[in-house]
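Every heavy atom of this structure was used, including side-chain atoms; hydrogens, water molecules and symmetry mates were not.
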Amino acid sequence: LTTVRLHAASNGFFADEGNGFWQHIESHFIALSSTCLPALKHVVLHGDWGFLLHNNRSHSLMKRLLDAGRRVELID
């Protein structure tokens, strides 16, 4: 597995961007930056990830991916 693609489309599971929402997003990014996926090199974010990119909580998530050697690509 060298590439993982995530889509930002809302699925209605979270009513807002509260703590439960961020814990869910963080769990994805922690898993994607872990050593459990040694061949992973590319994370593609589809859709509107503006909520992530413009939120202070996201900086550590993106840094974690980059520090793990993952390339992050945004696609609308």
Enquirer: CZ of R57 to CD1 of I25: how many Å apart, nearest 0.5 Å?
Expert: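 The CD1 atom of I25 is 10.5 Å from CZ of R57, to the nearest 0.5 Å.
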Enquirer: Applying side-chain contact (heavy atoms from CB on, under 4.5 Å), can you list everything that pairs with L37, at least two apart in sequence or on another chain?
Expert: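 With sequence neighbours excluded, L37 shows a side-chain contact (heavy atoms from CB on, under 4.5 Å) to L1, L32, L40, R70, given in chain and number order.
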Enquirer: Please give me the minimum heavy-atom distance between S33 and A68, naming the atom from each residue.
Expert: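 For S33 versus A68, the nearest heavy atoms are O-CB, 3.4 Å.
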Enquirer: According to salt bridge (Lys or Arg N to Asp or Glu O under 4.0 Å), does anything in residues 30-39 pair up with another residue at least two apart or in another chain? List the pairs.
Expert: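 Output for this query is empty, none listed.
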Enquirer: Checking H59 now: which residues fulfil side-chain hydrogen bond (donor to acceptor under 3.5 Å, both in side chains) with it, not counting sequence neighbours?
Expert: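 Listed in chain order: nothing, the list is empty.
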Enquirer: Using a 4.5 Å cut-off on heavy atoms from C-beta on, say whether the side chain of W22 contacts that of L61.
Expert: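 Answer yes - side chains close enough.
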Enquirer: About how many Å separate CD1 of I30 and SG of C36, when rounded to the nearest 0.5 Å?
Expert: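 These two atoms lie 12.0 Å from each other.
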Enquirer: Can you tell me which residue pairs pass the salt bridge (Lys or Arg N to Asp or Glu O under 4.0 Å) test with a partner in residues 60-69, sequence neighbours excluded?
Expert: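 For residues 60-69, and leaving out neighbouring residues, the salt bridge (Lys or Arg N to Asp or Glu O under 4.0 Å) pairs sorted by first residue read K63-D67.
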Enquirer: How far does CG of L45 sit from CZ of F29, to the nearest 0.5 angstrom?
Expert: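 Here the interatomic distance stands at 5.0 Å.
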Enquirer: Mind jotting down which residue pairs meet the salt bridge (Lys or Arg N to Asp or Glu O under 4.0 Å) criterion with at least one end in residues 27-36? Sequence neighbours excluded, please.
Expert: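 Checked against salt bridge (Lys or Arg N to Asp or Glu O under 4.0 Å) - neighbours excluded - no pair reaches residues 27-36.
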Enquirer: For K41, check side-chain hydrogen bond (donor to acceptor under 3.5 Å, both in side chains) against everything at least two apart and list the hits.
Expert: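 In terms of side-chain hydrogen bond (donor to acceptor under 3.5 Å, both in side chains), with neighbours along the sequence ignored, K41 is linked to no residue.
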Enquirer: Who passes side-chain contact (heavy atoms from CB on, under 4.5 Å) against T3, sequence neighbours left out?
Expert: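 For T3, the residues satisfying side-chain contact (heavy atoms from CB on, under 4.5 Å) (neighbours in sequence not counted) are R5, H42, V44.
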Enquirer: With sequence neighbours left out, write down each residue that passes salt bridge (charged side-chain N to carboxylate O under 4.0 Å, His left out) with E73, or none if nothing qualifies.
Expert: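 For E73, no residue satisfies salt bridge (charged side-chain N to carboxylate O under 4.0 Å, His left out) once neighbours in sequence are set aside.
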Enquirer: Rounded at 0.5 Å granularity, tell me how far OG in S58 sits from CD in E26.
Expert: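 It comes to 10.0 Å.
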Enquirer: Using the side-chain contact (heavy atoms from CB on, under 4.5 Å) rule, take L6 and H46 through it: C-alpha gap first, then chi angles, then the decisive distance, then the call.
Expert: CA-CA 6 Å; L6 298 176; H46 291 272; over 6 Å; no
Enquirer: Drop me the distance from H54's NE2 to W49's CH2, to the nearest 0.5 angstrom.
Expert: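 It is 14.0 Å, given to the nearest 0.5 Å.
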Enquirer: With sequence neighbours excluded, tell me which residues meet side-chain hydrogen bond (donor to acceptor under 3.5 Å, both in side chains) with D76.
Expert: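 Per chain and number, D76 pairs via side-chain hydrogen bond (donor to acceptor under 3.5 Å, both in side chains) with no residue.
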